[in-house]
Structures are given as structure tokens and as C-alpha cells.
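Letters A, B, ... mirror the listed sequences (proteins, then strands); counts begin at 1. Only a predicted model underlies this, so the values are computations on that prediction, with no experimental measurement involved.
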Amino acid sequence: MINENNIVFQVRNLTKVYQMGDVEVHALRGADLELYTGELIVLLGPSGSGKSTLLNILGGLDTATSGFVSYRGKDLTRASEQELTEYRRFHVGFVFQFYNLIPSLTARENVAVVTEIARNPMSPEAALAMVGLSDRLDHFPAQLSGGEQQRVAIARAISKNPEVLLCDEPTGALDSQTGIVVLEALERVNRELGTATAIITHNVDIAGMADRIIHLSNGRISEVAVNNSRKSPRDIQW
Amino acid sequence: MKSLDRKLWRDVWHMKGQVFAITLVVVSGVATFIMFITTMHSLDYTRSSFYRDYNFADVFVNLKRAPESLKEKIKEVSGVKDVETRVSAHVKLDISGFAEPVTGRIISIPDDGRPLLNRLYIRQGRIPDPDKDNEVVIAETFAEAHGFALGDQFAAVINGKWKKLIICGIALSPEFVLVMRQYAMSPDFKRYGILWMNRKAIGKAYNMDGAFNDVALTLYPGVKVTEVLNNLDNIVGKYGGYGAYARKDQISHRLLNEEFNMLKTSSRIFPTIFICVAAFLLNVVMSRTINTQREQIAALKAFGYDNFVIGIHYAKLVVLIIAAGLMIGIGSGIWLGKILGGIYMEVYRFPALTFILEPWVIIAAVVISIVSALAGTLHSLWRAAGQPPAEAMRPEPPAKFKVTLIEKTGIGRWLTQPTRIIVRNIERKPIRTFLSILGIAVACATMISSGFFKDSVDYMVNVQFVLSQKEDIAVAFTDPTSYKALYEIKRMEGVHHAESFRTVPVKLKYGLNSYKTVINGLEQENLLHPLVDTNLNQVIMPKEGIILNDYLGEILGIKAGDFVTVETLEGARTIRQVPVVALTKLYLGVMAYMDMQALNRLMKEGDAVSGIYLTADSRKQEKLYGAFVNMPRVSGTIVRNNEIRNFYDVQAKGMLFFTFIATIMACSISIGVVYNNARIALSERSRELSSLRVLGYTRGEISYILLGELAIITLAAIPLGFIIGYWLCAYIAQALASDLFRVPLVIEMKTLALAAAVVLTAASLSGLIVRHKLDHLDLVEVLKTRE
């Protein structure tokens, strides 16, 4: 399974320094990582360990200070603003802790926001069906529960048939019951569509559903654990 | 408290763009308010002190000739305090190097050089030497218009005799604060002057030794003026009295009053509009700003600050935000008030303008601004502080939306998601959308209401001077003259066409109401001076009866079909009942019109004429002026082109200045409103737009969502602004109607276009600034924060 062609992301000696007034914050101090096709990884680590920074750089939301990131062989560190927009538009699906749905659009329309600009999207209905929301198509965010809103966000992220799905604390704002439903949706997408998925979490238990668990601390990758028996979200408890 | 205050300054700094826009609005409102009111107060105060210090008379009467002994009789009239008899006359002036006709009024001053009433303020030089009969003091406006200095000479035709005069002094008088010929359309400082001469010198020239033809008198306080006028008329009647009149009908005072009333009305309307608009906008802006601080308020409460302390904190924020605007507004209001006062002083001559700044004006401006801003804040603050902190800190649930009406019509299928976002946002908060539209519309309307003045003036000038005064020259005779004079003038070289007219000073009475004016007698075949109503139709003169303009009709409370009592104040002094044939809407003056022959029948005169209107070859006009100067019967000549120029140069100047200021203020209000609207929309929507950026939307695509909404609001506001602007103008036109003129409600396309252009430009610039901000949205930040 591991060969050059399967590599989605390649990260080499990545650093990120934020200038916060007079203080320099070293968010990443030389991280190395690969992400492979169809793989589901979980990024674990305490606050400030650099998880979100890494994910943002992978997603084209932020640029590195030094080092190298490539997506399918294309150098993201040298990409222009316009190229990054295009990259996000056609290749990446995002899921955030606070859903970031557009309140004025229904579930279906929130997904359509993405499918309208994507190259080879599935229909909004199909995307919503994958996350089990076929009966909530015409509901506005205000009419949906937190878990449902997050599942709309997942549907929105996968509807463009992205190569990668990047999720930053997708269950952070949810109770455990609802969280499991959301994780199931992510797991199903990963399994059925083969979308490479990276999930940031604080929750060690969630790591059980990953192929690999990447530990970050102090801006570096401190440990990579391979999980040979992925658990179903249903069997995870927290 | 200290750290809260630090937060205050940083918040203000953070909001600097919006603070700037709010400052614009406050400055405009406050400056206009202060400018108008201080100018009003200053002129009012200056006038009354000039009147008081220089003994301006209360009652005036002109007559043919009466012996000096009559003065004692006049003094005996109950209520009369001081009496001064004078000799005055209309003279033609001959100024070398100035070919056009110039007329003047010459008035006597007592030989001791000290008038009891209407005393002169000598600006330069001295009063005439009692032993010299060729020294004159002239009015300052006349001296300035011709560049006269002390010792300069010019000639006058006094009682038919050409006489050289030497200027010994330049003066002002409370009687001639505004120097203007009776029945003229506008003051003409170059072609009409006031001269003061020794009583002895004029008396000799006019055969008035031991006699007089002009009386001025003051009354004791509380005396009934009408009784005095009646008694006076009885006394001077047999000496050819032209009817006594009170100060309120004295031409300079009356016109000054008209102007003051207009200024008073303007200083009521414009500052009210401006300060209300500013207040409304402050209210909207502040309430939306406080809404964006919801979480901070909750956090402060969670730390243990109570509602009162938080309230004070935000009150300070509000005061801080508008403080700069208040200070700049007060400063520029005072500055502009001085300029406007200076412009009025060019036309209305007082010794010096005393600038009056009443403390309450500033206090009112400050209080209105702060209260309206606080009122806007209070509501939002109340809502934010009313919630338990935990609830306020929790992310707000997603706003409630529904499918809009527009989409339900079926168009919805064709809308892209970004367009849908725009439509639903507009429809979700109809009140806020409406307020945004209203704010911009009101700014647009303010622009129109200030531009409308110039349109009306242009229109009035067109109706008055182009449509209804087609003559090149109007020639007036000293006394009613035989109709034959017309043929005489027709024969003069260069005259193309000539028509005669007759004017008779009268007192019109109906019931208890009366009004002194003139009846204009016009020829039936009237080509040069047609009477034009407000629909621009020529009024056909009936062979019998009288036509009143509607404003005069209102004053008398009379309607068509009623009989008006006409008391003529000249010649045979008949009193007759004349049927009112029609009330016609006219823009200028308060006059009555009759067929010339009917008027002559009323006067029991033959074919008498008061003057001639004529058109002439432009190359021969100068020669004609010279000929008229030398005709003893001709008392004066008016050249139409001069009248038009003067109207703009003199009359309209003050008005056009404040129009200009009002336009600038309205402009900055427009910019302030539109920009604020855009900035607030940006701060409210940046999270949503960033999310779309993260999903792969380009800068252009997300700009479309925000700017598209702003564009729709702006476009909707413009027609509404036109409607509100029209109402505002209609109200102003109606409020400004006076004896002098009715303001026609005319709004030119270009005024509308300018208003729209300013709003659109403000919107585009704001759009560009917002677009710049959108291009620099922090995408990472937005993912961390909640709504």
C-alpha cells in the first residue's frame, strides 16, 4: 500500500513562526509527515503543539515559514494565493469545530454552495444521504441540531469528491452520542470514497478509529503509531 | 476601571474607519445647526442695536408739499414721540465713465448736521458743510460700486437742473440697511444710490424753503400704529399725502424682515433636518456597533462588572466616538456662521456685525448629538446586558432564515447560492434593511433639498425675467404723463417696439384686512410685459375688474367674485369697489393687475401712463440712456439685463452660499452613512465570508455577496431618496413663501442626478475599501472563533 504514487501529502522539515507583536511563536519546528491515499489519520497533541497549524498549511489556508509541503507532487509552499484558492476549491474538504454553515442557506443549499463551484461534484442530495440527512434537506441551520449541522458540514466537505478531508476538532462542540454519529459519517466517507482523512482531536479515544495516530508536541511530531485494527466509531466510548 | 478605559481607547482606535464616518455625520449636523442659528442671532442682534442706537423711525409718510408749521400738528397726534420733517426727491445721476442710467434718492439732513431720527453712521469723511450747497454724503454701497472716494465728484439732475456734487462723506443709515429701489426685483448698488444733502441746499433746489415733503416719526411704546397712521393720513391728506406707513412697510426693513424670515425658516428647517439625520444615523450605527460587542459585554459581566459600570463604559465609548465630531462641528459651524454673516453684510449694511454665539446653541447641539447616540446605544446595551453572561457568551444560535417570497415565485430555481444568500439576508431583517435604505435615502434627500434652491432661483429668474419681462429697458416718468409720450419714445432712434404701462399706489381693503401695494395697469395688446401664472400661461387681462395674485388674495381673505375696496394714494384719491375677476398664482411680488384703460377710468384720468417698456437695438442703447437722462420727465430707467445679473450677484448670493454649504454637508452625510453601512455589514458578515473563502471561493466571489447586498440597498435607496427629497423640498418651498416671492417647487434632473451620483460614488468608494478588507480576511482566525 505504501509507495510513491499513493502519497497525497509529503511534509519535510516544516516550520511556522508567527510574529505576535514583539514575540515570535514557533508553532512548527520541523515536522515531517506523509499522508497516503485512502488513509485515515488522527492528529493528537496538547494545545499549542502545532496540530491546527499543520492542518491549516496542508489545507492551503496558511503558508509555511520554511520547509516543504507537496500535494500529489505539487509544491504548496510556493503556490500563489490564486493557486491556493483553486487548490481548496477542487481538492480539499474542510470540517470545522464550529461547522461554519451559512445561516441563510438550507442544508441542501449549503452543500450546493460547494457543488456549484466544484469540477466533478456529487449531487447535494447524495452527499447529504451519505451522512444520513436525506430527510433534512430543506432545513435551515437554525432548524438543525449541532450534530446535524456538523453532518451537513461533512456533506458539504465531501460533495466535491475531494482527495483529502481535513477535520479540525469535528466533535469538539458535540456531546458524545452526537459525536459518534458524526465520526461514523466521516468513517463511512473514508471507507466508501477512499478519501484521505486527517482528523485533529483532543480525544485520545477517537484515535482508535485511525490507521495511524500522529502525536505532536512542541511543534514536532513526537510519535507515529500504526493501528492495525481500526475500530468502528460505534465501539468507541468517551 | 483603568483597564476598562484602556479598552475604550483601543476600541475607538480599532473602529477608526467607522469613527471617521460617524464624525463626518456629526460634523455636518452640528456645523449646519450652529452656522444657521448663530448667523440668525448675529444679524438679529446687529440690526436691533443699529436701529436703537441710530433712532430708526417707526412711521413714515411722503407728501407733495406742506408748510413747516404742520410739524407741530403732527407732533400733537397722540402717541407720537419725535417728529422729523425732511425734503426728499428722486434724482437722475450722471456719472462720468458710466453710460448706463443711474438714479438715486436724495434726502435732507438738518442744517445743524444732526438728524433726530434715522441718524447716519459716518463711515468715512464728514457731514456736509452747512454753508455749501454742493456737498453730499453717499451710501456706502453706492460708493463701493463706483469706487468713489472722498472728494470725488459726480453730477445730478436736481429738479431738472444739472448740478455737480462733491462727496464729503460715506455713510450708513438704519433706513437703508438694504438699498433698493421701490418695486425693483433686486438691489442694484451701482445704478441706485442714496444721497444726503443739507436741508437748505435741497430746499432751495425744490422750492421747499420752509416746507417739507417727507416725515419720519417715532412712537411711544405700546401705541396703536394703525390709529396713528389714520390720524396722520387725515392731517397730511390735503397736502398730497401718499399714505403713511409703519416701519414694517418701510422697504429696507421689510426686505430685511423677509430675508430674516427666510433665514429663520431655513435655520429651523435645515439644522433640524441635518441634526435629525445625524441623530438617526448615530442611533443606527451605535446600536449595530454595540451588537458586535455582545460577547465582550457578557465577559465583563462574568468578571463581576455590574450593568451600571458596563453602561457607563459604553456611554463613554459613545461620547468618545462623537466627541471629535462635536468639536470640529462646533468650530466649523462658528467659522461658517462668520462667513455667512459676512456675505449678508455685503448686501445688508450695518456698521459692524456683532457675532452672537449663544451658549444654549452649543449646548443644544451637544445634547442632541449625545442623547441620540446614547439612545441608539441604550437599546442594544439593554439587550446585551440583560442576558445571563453564560448565555451571551455561548455562540449565538444560527440566525433564523426562511425561503424568501421572491424565490417562491419560481425565480429561485435560477439563483446561485451566493445570490440566494444576498436575497435572504435582505429579506430576513426587513426592519434593518429598511433602516439602511432609509438612512441612505435620507442622505440623498438632504442633497436634493439643498440643491433644489438653485433650481428654484433659476426657474424664477427664467419666469420673471425671460418670460414676463421681455423689454430691454423700462422708462419711468416722474408723474403720470399723457399717452402721447409713447409716440415720442417710439420715434427715438433705435427703438424697435414700445408699450406703455400705468402703476398706481393703492391701499386694498377687504373686511378688516388691508394691504398697501400697487396696481399695474397693462395694455390689452401686451407683448413685452405679459402676466404669466405659475403654469406659465399668459393671463388674459379682463376689460373690467381686477386680478390679484393668490398670495395677496390670501392676505386679504378674498376670493374671485368678491369686491375689493381700492383706495388710490395718488392723484384724485378715489375710493372704489372693484370686482376681483381672478386670483392668479404668481411667483414674485404681491400686486394687483388691471387693464390700463380700466385703471385710468378708476383714477378719473384720461390716457395717463406711468412709464414705457421698450425693446431697442443693442448698439443704440447707450445713446438712448443718455437721451433719457436729459429728459426732465423721465425719473429713471431700468435695464433688464442688469436686473438679472444683480439678482444673482446680490440677492441670491447668500442663498447660494448656504446651499453650497448644505450640499457639502449633505455630501459628507451621504458618505458617512454609506461607508458605515458597508463597514458594519463587513464586521457582521466576515465570518461567513471567510468560511466561503476556506471552501474555495475566490475573493471576487465573496465580494459579490457583500457588495451585491450593499448595491441593492443603495439602488433601492435612491428612488426613495428622490421621493423623500421631493417632500422635503415641497415643505421648504411652502415654508419659505413670503411677500417677496413664492419658491417654486422645481427640481432639475441634474440636481437629482448629482444626489444620486454622490450616493453612488460614496457607495463605490466604500465598496472599494470593504473589498480591500475582504481581500485581507484572516482565514485561519475565523475557524477558531465562533460567531
Tell me whether [X] at atom [atom1] has more than 12 heavy atoms from other residues, nucleotides or ligands lying less than 6.0 Å away.
{"X": "B:Phe434", "atom1": "CZ", "result": "no"}
{"X": "B:Phe20", "atom1": "CZ", "result": "no"}
{"X": "A:Arg78", "atom1": "CZ", "result": "no"}

Can you measure from [atom1] ([X]) to [atom2] ([Y]) and round to the nearest 0.5 angstrom?
{"X": "B:Ser691", "Y": "A:Phe96", "atom1": "OG", "atom2": "CZ", "value": "6.5 Å"}
{"X": "A:Ile117", "Y": "B:Leu695", "atom1": "CD1", "atom2": "CG", "value": "7.0 Å"}
{"X": "B:Thr698", "Y": "A:Gln82", "atom1": "OG1", "atom2": "CD", "value": "8.5 Å"}

For B:Leu689, is it the side chain, the backbone, both, or neither that has a heavy atom closer than 4.5 Å to a heavy atom of chain A?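 For B:Leu689, no heavy atom lies under 4.5 Å from chain A.
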
For a quick test of reading the model, state the closest non-hydrogen atom pair linking [X] to [Y] and the distance between them.
{"X": "B:Glu688", "Y": "A:Pro103", "answer": "OE1-CD, 3.9 Å"}
{"X": "B:Ile421", "Y": "A:Ile102", "answer": "CD1-CG2, 3.6 Å"}
{"X": "A:Glu109", "Y": "B:Gln417", "answer": "CB-OE1, 3.1 Å"}

What part of A:Thr53 gets within 4.5 angstrom of chain B, counting heavy atoms only: side chain, backbone, both, or neither?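 Interface part for A:Thr53: neither.
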
Do NZ/NE/NH1/NH2 and the carboxylate oxygens of A:Glu116 and B:Arg420 come within less than 4.0 Å?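 No, this pair does not count.
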
Which of B:Glu701, B:Arg424, B:Arg699 touches chain A most, by non-hydrogen pairs under 4.5 Å: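 Maximum pair count with chain A is reached by B:Arg424.
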
Any non-hydrogen side-chain atom of A:Thr85 less than 4.5 Å from a side-chain atom of B:Tyr697?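 SC-SC contact between A:Thr85 and B:Tyr697 ruled out.
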
Is the shortest side-chain heavy-atom distance between B:Leu692 and A:Val113 below 4.5 Å?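 B:Leu692 vs A:Val113: side chains touch.
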
Test log, rule side-chain contact (heavy atoms from CB on, under 4.5 Å), inputs B:Val694 and A:Leu61: CA-CA 7 Å; B:Val694 169; A:Leu61 292 175; 3.6 Å; yes

